[in-house]
Amino acid sequence: MGTTPRGPRLSSGKAQEHVRRHNLGTLLGHLHLAGPLSRAELTSLMGLNRSTIAALVSELVALGAVSEERPAGARSGVGRPSLVVRPAPGPQVLVADIGVDRIALARVGLGGRVMARKEAALPEPAPSAPDLADRLAAVAATIPADPGAGERVVGFGVSIPGAIRRADGLVRFAPNLGWVDEPFGNLLSRRVPGLPVRVANDADLGLLGEHRRGVARGFDDVVFIAGEVGVGGGLIVDGRPLVGAGGYAGEVGHMRVRPKGRRCRCGGHGCWETEIGAEAIRGALNLPEASSAELARVLRESAGRVPGDLDRVARYLGLGLANIINVVNPKLVIVGGLLREVLAQMPDTVRDGMAAATLTAPGEQALLRVPELGGDAILFGAAELALQDLLDDPAGVLGAVERVPDTGR
């Protein structure tokens, strides 16, 4: 009778170390998403005893990842309340949301706290990948951390509107930037030595931000539509990101909705983004020179009086959403970027377009929403991506420390 092959066994000491580091990350993850929690609450959440929680908290305090304090108004002595643990402001990441005409940068700490931010315009035509890596590193250097205050940058997360290979940040195709097979992750890494760089698609990161901190919390089947110059999609199916074999899933903007329609920057004709992207909205509003930000402002300030011929854009937005709903059967559909302003102005037209093409069963389950995080959904998603190494292994990222004896109760 044969035996089942087994992987290498960890020694008892290594197994214990693995469990300890896993528990450190789990505890820090609870604080990162939930905010300040008492030791008692952490004990209940993690199912560990009080002494183990105390040891884990003490180690995270020594690493500079969390701080502790007594609840406001608490008295000392026997029976005093459990100490409150909160994410510390020290560990931070740099994040960037790269658009076609602008870049937004921020420094974000644990708990999703934005410490500083800056925006910069990009020239036309869009810069090359090396030039943009230079510019991004230069602008990032103007919002440095303050080592004297205990701040430490531990990663750099970048959003790009295109098909990205997650493993190394290779931009396979970003038609609205004019990039093909650009090794942007490696280019930026060489300009920010010592910082792990993570690059991902803008819609994937918008979805990650909303799933962790926004309107998609608690949902397991979600579609996020990022609509600016182009249109992209991020998907979560059965609680897991749907990324595809190479990480390129979600390019819904190049779904054909009008085969004899306008030529797309991808080379095709009648792609969804040619009917609902910024160029189509400019035409509908008769504002050929307006930036995406200006288009959004015009739509917001129209106060229900829909300017121009936006009806066509809204109908095609509904049609494309219907196609996605029929294929994916999401519980929640989030419409972000410039398209959230279209939805806000013409919700009935968008919903009518959806209803005309959606099958009854998936259509009646899908909720249509805009991002709770607004225009910052992608930045928050980039922060979550860049913080993941820290959340997985705080001790490994922040460095080994001498164990600190617990003195709290």
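Hydrogens, waters and symmetry mates are skipped; everything else that's a heavy atom, side chains included, is used. For clarity, every value in this text was computed on a predicted model and none was experimentally measured.
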Taking Arg212 for its side chain and Gly381 for its backbone only, find out whether a donor-acceptor pair lies under 3.5 Å.
no
Closest heavy-atom contact between Asn326 and Ala357?
ND2-O, 3.0 Å
Give a yes or no on whether the backbone of Leu48 and the side-chain of Thr52 come within a donor-acceptor separation of less than 3.5 Å.
no
For the side chain of Glu251 and the backbone of Tyr248, is there at least one donor-acceptor N/O pair under 3.5 Å apart?
no
Heavy-atom side-chain proximity of Val229 to Glu279 below 4.5 angstrom:
no
Pro259 and His269, any side-chain heavy atoms less than 4.5 Å apart:
no
Between Glu275 and Arg315, is the closest basic N to carboxylate O distance under 4.0 Å?
no
Contact list for residues 184-196, test salt bridge (charged side-chain N to carboxylate O under 4.0 Å, His left out), sequence neighbours left out:
Asp134-Arg191
Going by the ring-ring contact (aromatic ring centres under 6.0 Å, His included) test, which pairs reach into residues 206-247, not counting sequence neighbours?
none
Is the closest basic N to carboxylate O distance between Arg39 and Glu68 below 4.0 Å?
yes
Strictly by side chain to side chain donor-acceptor pair (under 3.5 Å), give each pair with a member in residues 109-124 just once, sequence neighbours left out.
Arg117-Asp376, Lys118-Thr142
The criterion is side-chain hydrogen bond (donor to acceptor under 3.5 Å, both in side chains); which residues satisfy it with His32, sequence neighbours excluded?
Arg213, Glu384
Using the side-chain contact (heavy atoms from CB on, under 4.5 Å) rule, take Asp181 and Phe173 through it: C-alpha gap first, then chi angles, then the decisive distance, then the call.
CA-CA 6 Å; Asp181 289 334; Phe173 185 47; over 6 Å; no
Go through Asp131 and Ser128 one step at a time and tell me if the side-chain hydrogen bond (donor to acceptor under 3.5 Å, both in side chains) criterion holds.
CA-CA 5 Å; Asp131 286 347; Ser128 67; 3.3 Å; yes
Which pairs pass side chain to side chain donor-acceptor pair (under 3.5 Å) with one or both residues in residues 219-233, sequence neighbours excluded?
none
Check for a donor-acceptor pair, side chain of Thr274 on one end and backbone N or O of Cys271 on the other, with a separation under 3.5 Å.
yes
Flag side-chain contact, heavy atom, 4.5 Å: Leu287 against Glu294
no
Would you call Phe156 and Val93 a side-chain contact if the rule is heavy atoms closer than 4.5 Å?
no
Give a yes or no answer on whether the side chain of Arg256 reaches the backbone of Gly261 with a donor-acceptor pair at less than 3.5 Å.
no
Do any N or O atoms from the side chain of Arg297 and from the backbone of Glu301 form a donor-acceptor pair under 3.5 angstrom?
no
Under the ring pair (Phe, Tyr, Trp, His ring centres under 6.0 Å) test, residues paired with Phe184 that sit two or more places apart:
Trp179
Contacts of type side-chain hydrogen bond (donor to acceptor under 3.5 Å, both in side chains), residue Thr360, not counting sequence neighbours:
none
Taking the side chain as C-beta and beyond, is there a heavy-atom pair between Asp97 and Ile103 under 4.5 Å?
no
Between Leu170 and Ile164, is a side-chain contact (heavy atoms from CB on, under 4.5 Å) present by the stated rule, with each step listed?
CA-CA 6 Å; Leu170 175 72; Ile164 317 295; over 6 Å; no
When you measure from the side chain of Glu210 to the backbone N and O of Leu373, does any donor-acceptor pair fall under 3.5 Å?
yes
Output all residues satisfying side-chain hydrogen bond (donor to acceptor under 3.5 Å, both in side chains) with Arg217, sequence neighbours left out; order by chain, then residue number.
Glu372
Do Val108 and Leu379 have side chains that approach each other closer than 4.5 Å (heavy atoms only, starting at C-beta)?
no
Check this for me: does any side-chain nitrogen of one of Glu17 and Arg20 sit under 4.0 Å from a carboxylate oxygen of the other?
yes
Can any side-chain N or O of Thr43 pair as donor or acceptor with the backbone N or O of Asn49 at less than 3.5 Å?
no
Going by distance alone, is a donor N or O of one side chain under 3.5 Å from an acceptor N or O of the other, for Thr26 and Asn23?
no
Quick one: which residue pairs count as a salt bridge (charged side-chain N to carboxylate O under 4.0 Å, His left out) with a foot in residues 154-171, not counting sequence neighbours?
Arg165-Asp168
Going by an N to O cut-off under 4.0 Å, is there a salt bridge joining Arg21 and Asp392?
no
Out of Ile334, Val335, Ile378, which residue meets the side-chain contact (heavy atoms from CB on, under 4.5 Å) rule with Pro371?
Ile334
Closest heavy-atom pair and its distance - Ser82, Ala40:
OG-N, 3.0 Å
Salt bridge (charged side-chain N to carboxylate O under 4.0 Å, His left out) pairs, two or more places apart, involving residues 320-346
Arg300-Glu341
Taking the side chain as every heavy atom from C-beta outward, state whether Leu343 and Leu368 have any atom pair closer than 4.5 Å.
yes
For Glu151, give me all partners under side-chain hydrogen bond (donor to acceptor under 3.5 Å, both in side chains), at least two apart in sequence or on another chain.
Arg107
The complete set of salt bridge (charged side-chain N to carboxylate O under 4.0 Å, His left out) pairs with one or both residues in residues 196-208, sequence neighbours excluded, reads Arg198-Asp389
Residue pair Pro130 / Leu187: nearest heavy atoms and the distance that separates them
N-CD1, 3.8 Å
Tell me, do Val66 and Pro87 make a side-chain contact under 4.5 Å, heavy atoms counted?
no
Kindly say whether Ala249 contributes a backbone atom to a donor-acceptor pair with the side chain of Asn201 at under 3.5 angstrom?
no
Might you confirm whether atom CG of Asp238 has over 12 heavy atoms from other residues, nucleotides or ligands at distances under 6.0 Å?
no
